[in-house]
Every structure is written in C-alpha cells, then in structure tokens.
Amino acid sequence: MIESPLHPRPSAGEASSAAEELTVADVVALVEAAAPSHLAESWDSNGLICGDPEAPVASILLAVDPVASVVDEAIERGADMIITHHPLYLRGTDRVAATDPKGRVVHRLIRSGIALLNAHTSLDAAHGGIAAALAASIGLLGAVPLEPSPADPAQGIGRIGSLPVPTRLRDFADAVAAALPDSPPGILVGGDLDATVETIAVSGGAGDSLLARAREAGADVFLTADLRHHPASEHLETGRPYLICGTHWATEWVGLPPLAQRLATAAEYGGRRLSTHVSTICTDPWALRLNTGPAPVR
Ligand SMILES: [Zn+2]
C-alpha cells in the first residue's frame, strides 16, 4: 500500500498542468512520510534547509552530500530541488555569507531557485531507508533493526539478517564489492577470510559505535564504513563479527534509489508530475587509491 500525504487528483478535465506539479511543501511531506522525523537522533538535523514551501517542484536530484559538485549537477539538470542525506549545517550556523563553501551553496541554491532538503538519521532508521536498502543490496533475509528506535522498534539504526546460504567471508566480500557503487577506496575486509559466515549486520556510514551491538546481536560480519585502526583492531582481537569497511558515500548511496522511487510512485499516485534523478557523483573525499610499496620489478 502506498502511504502518501498527497490526495489523488482527478485525472481528467479541470486540473491545469501547473496544478499537477508538486510544491516544495508537498515534497517535504512525502519525505516525512518516508523518513519520519521522530526516528531521527536528538543531535541531528533533518528537514528543509532552504527553499520556499510554495515553490513548484517538477524535478528532484538526490545525493548523499550537499556539496558544490552536487549543486553544479542540479543547476545543469534544471532540478527544482535537491534532497541530500547529510545536512548542510549539522551544528547550526550564524551566517550564510558566500565567503565559505557552505554559504556559497546557500547563495547558489537561492539564486537558482533550487530548494534543499535533507533526511539523515530519520532515513537511516526508516522502513526502506538507508540501512534497509544496504541490507537488501546484499540479499539479507529477515533483516531487523540492529538498534531499534525507541519511537518505533520495527525501525531503527542498522539491520541484521541472514545470508540465504552460509558463505566464506572472502566470497561474501566479493558480493558486497559488487553490490556497492564504485568509490576509489573500495572495501576493506578484516577477519578469517576462509571462515563461514551467515548472520550479517550492516550500518551505512560511520559504524564504530555499533561494533559492540553487532557482536551482542550475534553477527558473523559487520558491514559499515569509516572504521578506524584502534576500534577495528581491538574488536577483531576478540573475534567475530569480522569487519567489512566500505566508504561512507557508497554504503549510504544505496538508500537513495529506493527513496527516489518512493517519491516518484507517491507523486504518480497523487496524479502529479515529478522526475527524480539520483546523482552518481561520488562525494567521498578520496579521488584515487594506489597500491603501496615498491613497484614490481619488470
Ligand atoms: Zn552519513
């Protein structure tokens, strides 16, 4: 069933083509339905960052980060709105002057008539959100939240589920590499590569804080990003879950196509015109990975 705050409109007759467009406020409502703000962490920032609620929206660009390259793409595509996962100002600001990169983003968006909205930990936790999409992308069965939300235990941070068949860690890692979008650092794998694994925990983005939770939950592998040397090394000294460390962008990007699809479906259900595009610009900070050590002798 489609849960949509949009009321279906009569398809014939009275509605003009302008009336069939969504507004920024409609998109805010659709994203709130997909990623309810009560699921967000208390320290987080989610919602409309810039834009006029009454402005029309015919086309939306979805991306992980609200950075200059994504604004460039939105302008090139003629998008009316950008939806990002990360907020522009997580800790607030007292100025938006175009003297720094974030201020320039605000200025360029307003000049170009482009609204910006973000859904961060609300989308991490939601049904069909980032964690659920990451679990689905690697084929987990029976995935449930790794850390259920106090507001709704059926949703929450991370997911844990099972592979259809027990698999060697190295083969599972190959499947993860194939499932994630390409990013120069790729993935790193820690643990016994020939061990058999079946129960998998995932959390898109920085997952250090969930290492103990993944162990308590009985995971054989924890797939996340941004793992640091000491937490990862000390964790592996005690054994499972083995670790697969992707990049922040890649492990979160997988949640954007389902959100785009959900918005498009809800718009269509409400008889509105909307095109969505998921940016494929990799906004990880890393542009190149090189093998280290002396070059092989030829
Ligand atoms: Zn993130």
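Heavy-atom basis, side chains included; hydrogens, waters and symmetry copies ignored. Counting starts at 1 for both ligands and their atoms, in listed order.
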Query raised in the report: Taking NZ, NE, NH1 and NH2 as the nitrogens, is one of them in R95 or D100 under 4.0 Å from a carboxylate oxygen of the other?
Result: no
Query raised in the report: Closer than 2.8 Å to the Zn ion (ligand 1), do we get an N, O or S atom from E252, backbone or side chain?
Result: yes
Requested in this report: Specify which N/O/S atom of H86 comes nearest to the Zn ion (ligand 1), by atom name.
Outcome: NE2
Query raised in the report: Judged by atom type as modelled, is there a donor-acceptor pair below 3.5 Å linking the side chain of D220 to the main-chain atoms of I200?
Result: no
**Report entry** is_close_aromatic(H235, H230), centroid dist under 6.0 Å
**Finding:** no
Report task. Using atom types as modelled and distance alone, determine if a side-chain donor or acceptor of W253 lies under 3.5 Å from a backbone N or O of S279. Result -> yes
Query raised in the report: Would one find an N, O or S atom of H248, in either backbone or side chain, under 2.8 Å from the Zn ion (ligand 1)?
Result: yes
